Amino acid sequence: MSDHAAVASIDPRAHHPHRPEVNIYVAVFVALAVLTVTTVLVSYWHLPILAGVAVAMMIATVKASLVATFFMHLKGERAFIYGILAMTVFFVLFLFILPISDQDLLSGRMTHTNVTAEAEAR
Amino acid sequence: MGGRMTTAAAVAAPPSEFRTGLTNAKLGVWLFLASEVMLFATLFTTYIVLRLGASEWPRGWEVLNVPLGFTNTLVLIVSSVTMVMAYAKCWDRDYKGFRIYLGVTIALGFVFLGIKSFEWAAKFRVHHFPSTSIYYALYFTMTGLHGLHVICGMIVNGALFVLSKKEWDHPLFMGRIEGSGLFWHFVDIVWIFLFPTFYLL
């Protein structure tokens with residue numbers, strides 16, 4: 001028999017563990033829409049920047065998690081994918097922490113104003 | 001796969017690509033998305049470092065049109081729902097429903113790009129370019145790169161829309177829809193973070 005027939009004999013759905021759950025998709029959509037409206041409404045309060053960032057990023061993280069969990073079917077996904085994602089998160093943390101902490105250490109010493117002042121003093 | 005393999009044997013011993021429980025395509029898409037996460041994370045880090053070091057920074061609502069950004073957020077969210085519905089219709093073997101949902105997903109991509117181009121054009125008209133300020137440099141770079149991702153997602157979805165005429169019954173077709181969907185949802189997630197970063201903070 002041909003290769004194609006052998007492959008075709010396998011039900012494609014056998015390799016897709018994610019049975020669609022339309023009710024959940026609709027519920028997630030409603031949650032995403034409500035959270036989007038919330039984040040915009042909160043922004044009209046013009047919160048202090050730190051509080052504003054905290055609220056906006058918290059809402060965005062919840063929204064992103066909903067999309068990843070239900071639309072990208074991370075819920076009930078194979079362990080191998082979790083492993084890849086865990087590794088990604090690990091390295092992304094470095095991508096955030098190292099440059100930002102470096103910038104924090106440098107600020108006050110190497111700011112544009114300081115460098116200009118130093119050059120003028122010379 | 002060996003040509004002499006019988007149907008029963010093929011089912012009992014699935015090809016090696018399924019040993020992780022994943023198709024190669026799906027594994028590949030997730031690895032690609034992992035690298036995309038690193039790409040966008042670098043840009044977000046750049047944003048944080050530059051904003052922390054800046055003496056002044058515009059608040060998003062002063063320079064960008066929040067209602068338009070809000071509309072575009074909803075457009076992408078709805079397109080994510082239609083994308084996952086296309087997958088559901090694929091599972092149900094409902095060809096007509098699948099074509100409708102995938103078609104709507106592509107159309108919503110055009111709506112998103114239309115609104116985004118309108119916003120960009122409005123900025124260019126008042127001579128705001130990437131060189132205008134660090135804020136605009138980041139705004140154009142990050143929304144531009146995101147826009148390119150939207151275009152790529154639309155090309156893949158468009159190709160699958162055309163291919164579905166001939167390949168609807170191909171055993172790997174649903175995997176392609178799943179992979180394309182994963183990418184599309186990722187593009188949605190990136191926008192979920194871009195929207196508050198540039199419009200609301």
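All of these numbers come straight from a predicted model, not from anything done at the bench. Naming convention: chains lettered A, B, ... in sequence-line order (proteins, then strands); numbering from 1 in each chain.
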From [X] [atom1] over to [Y] [atom2], what is the distance, rounded to the nearest 0.5 angstrom?
X	Y	atom1	atom2	answer
B:T73	A:K63	OG1	NZ	5.5 Å
A:I49	B:R59	CD1	CZ	4.0 Å
B:M38	A:F94	CE	CZ	10.5 Å
A:I84	B:W30	CD1	CH2	9.0 Å
B:I192	A:S65	CD1	OG	9.0 Å
B:L22	A:E77	CG	CD	6.0 Å

- Message: Can you tell me which portion of B:L201 sits under 4.5 Å from chain A's heavy atoms? Options are side chain, backbone, both or neither.
- Response: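 Contact with chain A: backbone and side chain both.
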- Residue part contacting chain A, namely of B:V66, when any heavy atom lies under 4.5 Å: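 B:V66 touches chain A through side-chain heavy atoms alone.
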Contacting moiety of [X], where chain B heavy atoms sit under 4.5 Å:
X	answer
A:H46	both
A:L74	side chain
A:I97	neither
A:A68	both
A:V26	neither

Tell me whether [X] at atom [atom1] has more than 12 heavy atoms from other residues, nucleotides or ligands lying less than 6.0 Å away.
X	atom1	result
A:L50	CG	no
B:F129	CZ	yes
A:Y25	OH	yes
B:E56	CD	no
B:F110	CZ	no
B:F198	CZ	yes

With a 4.5 Å cut-off on side-chain heavy atoms, are [Y] and [X] touching?
X	Y	answer
A:F91	B:V37	no
B:V84	A:M72	no
B:H185	A:F70	no
A:F71	B:L182	no

- Under 3.5 Å: donor-acceptor pair, side chain of A:T88, backbone of B:A34: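 Between the backbone of B:A34 and the side chain of A:T88 there is no qualifying donor-acceptor contact (under 3.5 Å).
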- Message: Please rank A:I59, A:L66, A:L32 by heavy-atom pairs under 4.5 Å with chain B and give me the top one.
- Response: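 Of the options given, most contacts go to A:L32.
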- Shortest non-hydrogen contact from A:V22 toward B:A88: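 A:V22 and B:A88 have their closest heavy atoms at CG2-CB, 4.4 Å.
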- From CA spacing to verdict: side chain to side chain contact (heavy atoms under 4.5 Å, CB included), A:M57, B:T197: CA-CA 8 Å; A:M57 286 303 125; B:T197 302; 3.6 Å; yes
- Message: Among B:F70, B:Y199, B:W61, exactly one meets side chain to side chain contact (heavy atoms under 4.5 Å, CB included) together with A:V40. Which residue is that?
- Response: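 That would be B:F70.
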